[in-house]
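Working notes, beginning with the structure itself.
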Amino acid sequence: MYDYDLLVVGSANADLVIGVERRPGAGETVLGTDLAVHPGGKGANQAVAAARLGARTALLARVGDDAYGRLLLDSQRAAGVDTVGVLVGGAPTGVALITVDPSGDNSIVVSPGANGRLTPADVRAAASLFQASRVVSTQLEIPLETVAEVVRDLADGSRFVLNPSPPQPLPADILAACDPLIVNEHEARVILGDAAVGDSPEDWARILLAKGPRSVVVTLGAEGALVGSAEGVTRVPSVAVDAVDTTGAGDAFTAALAWRLGTGATLAEAAAYAARVGAAAVTREGAQESFPTAAEVEAL
């Protein structure tokens, strides 16, 4: 038996959010709304999203010994996440500077802070968490060498899910462990690099699969998602909603998909559920504050 449905290894940031009429161009200053501070970071977001849905969730991350770090720990515990793996100190808590325009689209600049000090040694020291977890999910807001150590430390029978954001080329051993690799269009193009990229998401999925992942999910925003594996490539429809703020929606999608895979759902079934979770998340402002409960997802 596993103690955790999902172990998230990743970043924890304070999100500093300003609404703008439009994002500034080079050398331009625009006025925005009052600054809002929210708990965020792709790792922390995924952990909260999964816990809100009812998953037994743990987080392995690093925060600073500061007010932002305490904010993040409080938000994890309030959602029901086990924070035994959250390390404190070594650098200031990571910060994300986010602008959101009236359509709900966002632009983000991240100062990694303590996230950059989450090391392979920290992963090895958390061996008991890996042994106790059915699914392990991570992202690329922590060092790539730490992600590589996560792959090496996976327990027999556990499943590895990777959202390579922010994207960078990935070594073969990490790609081979992904089941699935979850990417949007931009991430897919960065990982594919010089590989011939067709015009359709189906082409991206097939070329990505040829690079080694066991399965692939391509998120398509309002158009839903696409899943690919050795069994073929399938479209997953979206849920039509009025988007208010897309911040954290991809994290909610990834967390929901990872959790459902651990319950025995097929990749297509898990992606369909995750699309509903992501749709619910964009109807509210903020990242973690917008993540739905299982009941709210069912009500969509």
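The structure displayed is predicted, hence computed values, not measured ones. Position 1 is the first residue of the sequence, and the numbers go up from there.
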So R214 and L209, side chain to side chain contact (heavy atoms under 4.5 Å, CB included) or not? Walk me through it.
CA-CA 7 Å; R214 301 177 192 181; L209 283 170; over 6 Å; no

Show the numbers, then the answer: is there a side chain to side chain contact (heavy atoms under 4.5 Å, CB included) between L162 and L140?
CA-CA 8 Å; L162 174 64; L140 298 184; 4.3 Å; yes

If you round to the nearest 0.5 Å, how far is [atom2] of [Y] from [atom1] of [X]?
{"X": "D153", "Y": "R124", "atom1": "CG", "atom2": "CZ", "result": "7.5 Å"}
{"X": "R159", "Y": "D179", "atom1": "CZ", "atom2": "CG", "result": "4.0 Å"}
{"X": "L144", "Y": "E149", "atom1": "CG", "atom2": "CD", "result": "12.0 Å"}
{"X": "T219", "Y": "N163", "atom1": "OG1", "atom2": "CG", "result": "7.5 Å"}
{"X": "D251", "Y": "K42", "atom1": "CG", "atom2": "NZ", "result": "4.5 Å"}
{"X": "R23", "Y": "T99", "atom1": "CZ", "atom2": "OG1", "result": "5.5 Å"}

Hey, is [X] close enough to [Y] for a salt bridge, meaning N to O under 4.0 Å?
{"X": "E202", "Y": "R206", "value": "no"}
{"X": "R284", "Y": "E289", "value": "no"}
{"X": "D3", "Y": "R56", "value": "no"}

Counting heavy atoms not belonging to [X], are there more than 12 under 6.0 Å from its [atom1]?
{"X": "L35", "atom1": "CG", "value": "yes"}
{"X": "E21", "atom1": "CD", "value": "no"}
{"X": "Q168", "atom1": "CD", "value": "yes"}

Could you report the tightest heavy-atom contact between [X] and [Y], atom names first, then the distance?
{"X": "V282", "Y": "A249", "value": "CG1-CB, 3.5 Å"}
{"X": "P24", "Y": "V30", "value": "CD-CG2, 3.9 Å"}
{"X": "G113", "Y": "A91", "value": "C-CB, 4.0 Å"}
{"X": "Q139", "Y": "G10", "value": "OE1-CA, 3.3 Å"}
{"X": "A270", "Y": "L257", "value": "CB-O, 3.8 Å"}
{"X": "L170", "Y": "P164", "value": "CD1-CB, 4.1 Å"}

Find out if a path of hydrophobic residues (ILVMFWY) with successive side-chain heavy-atom gaps under 4.5 Å connects [X] to [Y].
{"X": "L16", "Y": "I18", "result": "yes"}
{"X": "F253", "Y": "V183", "result": "no"}
{"X": "V147", "Y": "L181", "result": "yes"}
{"X": "F160", "Y": "V123", "result": "yes"}
{"X": "I142", "Y": "F130", "result": "yes"}

Just so I know, are the side chains of [X] and [Y] near enough to count as touching, which here means a heavy-atom distance under 4.5 Å?
{"X": "N115", "Y": "V110", "answer": "no"}
{"X": "I182", "Y": "E187", "answer": "no"}
{"X": "E296", "Y": "R52", "answer": "no"}
{"X": "V9", "Y": "L7", "answer": "yes"}
{"X": "R62", "Y": "T119", "answer": "no"}
{"X": "P292", "Y": "R276", "answer": "no"}
{"X": "T146", "Y": "D122", "answer": "no"}
{"X": "V216", "Y": "P180", "answer": "no"}

A256: side chain to side chain contact (heavy atoms under 4.5 Å, CB included) partners, not counting sequence neighbours
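Side chain to side chain contact (heavy atoms under 4.5 Å, CB included) check on A256 returns L53, Y273, A274, V277.
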
Listed by chain and number, what are the side chain to side chain contact (heavy atoms under 4.5 Å, CB included) partners of A268, not counting sequence neighbours?
V227, T266

Tell me which one of T57, L71, V81 satisfies side-chain contact (heavy atoms from CB on, under 4.5 Å) with Q76.
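Only match with Q76 under side-chain contact (heavy atoms from CB on, under 4.5 Å): V81.
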
Identify the residue among S165, P167, P166 that makes a side-chain contact (heavy atoms from CB on, under 4.5 Å) with H186.
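One option only clears the test, and that one is P167.
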
With a 3.5 Å distance limit and no angle check, can you tell me whether S290 reaches the backbone of A281 through a side-chain donor-acceptor pair?
yes

After noting the C-alpha distance and the side-chain angles of L261 and L267, does the key distance pass the side chain to side chain contact (heavy atoms under 4.5 Å, CB included) rule?
CA-CA 7 Å; L261 287 174; L267 187 60; 4.1 Å; yes

For side chain to side chain contact (heavy atoms under 4.5 Å, CB included), just list the numbers for Y2 and V135, CA-CA rounded to whole Å, side-chain angles, deciding distance to a tenth of an Å, and then say yes or no.
CA-CA 10 Å; Y2 294 97; V135 180; over 6 Å; no

Can you name the residues that form a side chain to side chain donor-acceptor pair (under 3.5 Å) with S11, not counting sequence neighbours?
E141

